[in-house]
Amino acid sequence: MEQRLSPLRTYREFVAMQRDDAEPETFSRRYSEYRSHYGKEIIRRFFERSSDYAWFRDRYDPVELCGKVEARRAFAQGQAKVFKEEASEITMFDVATKASLDPRREAMEDEDEWEASFQFGSSYKAGNALQIWNIPPSATKSQVESQIHLALEDAANAAAAADGDPAEGDSSSSFTLLLADAAQRKRFGFETEAWLLFDDPTKAENAEKVLADARLDIAVPPAVAMPVLPWPPKASHVKERAAKMKARECQERESFRPRAKRSLVLASTSGVDDFGRGARAKRYPRALCHSDKLSNKARIISDARKATRLCALFDAKADVAPETRFATYVDSFDLFRKNALARLDVACAYLRRVHLFLYYSATQCRSEIDLLARDAPFFTRHVPASAALHDDDEEALGGRLGGEAQASSGGGGVPMDDHDDDAPVQGIIVDMDKRIDALLADDGGEKILTTDLKKPGGEKRRRQQELEEPTNANANAKAKAPMDDDDQGDDDREEEKKKPPLLVDDAAEVPLSAGGGGGGGVGGADSEEAPPEKTPEDVVMPSEEKKEEDPSGQEEARDKALGLAAKRARETWSYDLPPCLAAESEAEKAQVEEATDDFVRQHAVEEDQGRSRCAYEWCHKLFKSEGFVRKHLANRHADYLEAWLAPVKRPWMWTLYLLDDAKPLPPVRGENGTEVDPSTLVGGDDAAAAKRPPPRHQQQRYGRQGPGGGGGPR
């Protein structure tokens, strides 16, 4: 069993446990190595404990990431069909009027005015939505959905039985569940939240009463309930784990209170908070900026053309059916073909509802929950547009769209008044234009969807590089430092690293040590701390192995492309499926199919007359052929199949996890009570090193401020 890791030591505590016969540069180098080793160990242990959770697989399993892209395409295709059906129920003039993005100051007190807008989907109304909290990280989306269904059905049946009408207890449990990403809740133990979208406000109100004080019981998956499978796994651990699962059924369960409530964050109308105070909703529509530039005639025509091209671009990427695409919809009605104002407002509604794209602000929401919880997703024009619905702008708009021709044609072509005395306002509009123009460019799809994810300085994978190899500063410090006994021990460890990696079954368990030999190490000084099973150096990272085989850097470039593709599929609403990620998914699927066949062979007992029996000792059901046993194992014992496939999926997940420069990691608490982000430990932190107190012998000479820092000699 893996031992507990001691708290992270501060620089002062680390130096106090070292020998005093080394130079200050040696102490700094050793502490940087200690922090790097500690961070790698935290990353490895967190991967061990989290790789069996469904939310972790959704982020780092190539098959799941490709499934996310396909689900987004299916969502866009379905929403485009719903958009067309709702628009066909009213006249085109009413559609343009209800989709208008002009300011609505006169409707401040009308709480249903904005939700009646065509910009607003019927399922996103405040009265139809419910939010629940405290969902444990081990729960899957299907488990939460089924338990909520059972709770609502039981309450409906009980109410119907009390009223003497049992036919009423079957319609209040229809809803759509949106489960949030647990990686964003690391400070809450990765407990997540969910949104329930009902089709009727009465059902949402009844569900709120039922789920406010209910307690849901969730079955813990066997892979999570069993002891943690070490990474890299040993063959003996995998066999022992499978034998335990076959001999005894996992009956561990976890309960939680959802505490359902309709949140003011979701509400698009004013309401009353928990303390009885009146509060305006955060999602109330507001102007993007205090300028009339967005409302002049030339700007309306230009924005209408750009919004139309964005619709065509996204429809093509999402494979929306031709009969439900926005281009076909516009060409079918003279109002949208000839009038720029009507086309712009309806295109904005289409982009928001079908592709989760907010035209004013040029923001791509990451998911439906991001659209629901965003503070201000409804940006409007500051003043009413200087255009009317009866204007004929067909010549300026370019006439009929002609399928996809408009999506690839050049944009703009309409002069605009760039005069604006307010520089901040001008900057907001210019930034929006740049983002939209970049998206409409040949390579714009890669830019606009990752704008919010980029880091300043272009160092996207600085942390990943520090994780894979030592920093140059540490290497230079080692070259300049004088040789002592501890450095000799460090050199011995460097020679050990150059040796070929051992097999996991033969790897020795080495304690985590940062101080080197000579009696001053951290691991040797703390007698109460038990050493971990292995150091991060025993784990051969893919990039380190590939650098020796491929000095030209092609494999490193491929890893960077794969990491960026996985990040885009994981954290943006993207319809693109890069070939590198698709290839990873197909390769993993082939291994998963082989492992599934092996799972069936190991858990299907042959009987006479061609029959087969389930090998689980608590089941032992008999079937007339092996095909029925395969279906039984895939349906009845799906959790055990997932646990069997875990060792097969882990290498693929480990690669993408290492390539993620924003890994979900719990904060590390040091011995002095401070919290540290583990990702900053890998490779050392120069900013933190600059603030460290000097060693004790320097404090005695120069005081606590160090050389030149005051305090006087003591």
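Throughout, numbering of the chain's residues begins at 1 and tracks the sequence.
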Those residues that, when tested against [X], pass side chain to side chain contact (heavy atoms under 4.5 Å, CB included) (two or more places apart):
X	value
A194	I132, I135, L177, L179
C289	S291, L294, V425, I428, I429
S361	L288, L358, T363, F379
V63	D61, S585, E588, K589

Taking [X] for its side chain and [Y] for its backbone only, find out whether a donor-acceptor pair lies under 3.5 Å.
X	Y	answer
S50	F47	no
S32	S28	yes
W55	A183	no
Y34	F14	no

Do [X] and [Y] have side-chain heavy atoms sitting under 4.5 Å apart?
X	Y	value
V320	Y575	no
T176	L196	no
P137	E191	yes
L681	L8	yes
H355	L310	no
D370	L356	no
E254	S138	yes
F175	L130	no

Just how far is it from atom [atom1] of [X] to atom [atom2] of [Y], taken to the nearest 0.5 Å?
X	Y	atom1	atom2	answer
D431	I436	CG	CD1	10.0 Å
E571	S367	CD	OG	11.5 Å
R366	Q364	CZ	CD	11.0 Å
Q131	I369	CD	CD1	8.5 Å
D576	K317	CG	NZ	4.5 Å
E555	L562	CD	CG	11.0 Å

Handout entry: Any side-chain donor near an acceptor of the partner, T572 and S574, under 3.5 Å
Key =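 No donor-acceptor contact under 3.5 Å links the two side chains.
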
Handout entry: Between W652 and Q591: side-chain donor-acceptor atoms closer than 3.5 Å
Key =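 Present: a donor and an acceptor within the cut-off.
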
Minimum heavy-atom distance [X]-[Y], with the two atoms named:
X	Y	value
A307	L351	O-CD1, 4.2 Å
Y359	K306	OH-CB, 3.6 Å
L659	D559	CD1-O, 3.3 Å
D181	R59	OD2-NH1, 2.7 Å
A643	P647	O-CD, 3.7 Å
E193	W133	OE1-NE1, 3.4 Å

Handout entry: Verdict with reasoning, E41 to R45, per salt bridge (charged side-chain N to carboxylate O under 4.0 Å, His left out)
Key = CA-CA 6 Å; E41 183 69 11; R45 293 194 180 199; 2.8 Å; yes

Would you please name every residue forming a ring-ring contact (aromatic ring centres under 6.0 Å, His included) with [X], sequence neighbours left out?
X	value
Y60	F56, Y657
F75	W573
F46	F190

So, using salt bridge (Lys or Arg N to Asp or Glu O under 4.0 Å) as the criterion, who are the partners of [X] when residues are at least two apart?
X	answer
R72	none
R650	D52
E584	R558
E70	R73

Practice task
Give the intermediate values and the outcome of side chain to side chain contact (heavy atoms under 4.5 Å, CB included) for residues L581 and R568.
Solution key: CA-CA 11 Å; L581 185 60; R568 187 178 303 114; over 6 Å; no

Practice task
Can you sort out the partners of D639 under side-chain hydrogen bond (donor to acceptor under 3.5 Å, both in side chains), two or more places apart, ordered by chain and number?
Solution key: none

Practice task
Identify which one of R30, R35, R29 satisfies the salt bridge (Lys or Arg N to Asp or Glu O under 4.0 Å) criterion when paired with E33.
Solution key: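 Of the listed residues R30, R35, R29, the salt bridge (Lys or Arg N to Asp or Glu O under 4.0 Å) partner of E33 is R29.
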
Problem - Salt bridge present between R44 and E48 (N-O < 4.0 angstrom) - result: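 Salt bridge present between R44 and E48.
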
Practice task
Give the C-alpha distance, both sets of side-chain angles, the deciding distance and a yes or no for side chain to side chain contact (heavy atoms under 4.5 Å, CB included) between K186 and L665.
Solution key: CA-CA 7 Å; K186 61 182 181 181; L665 293 169; 5.9 Å; no

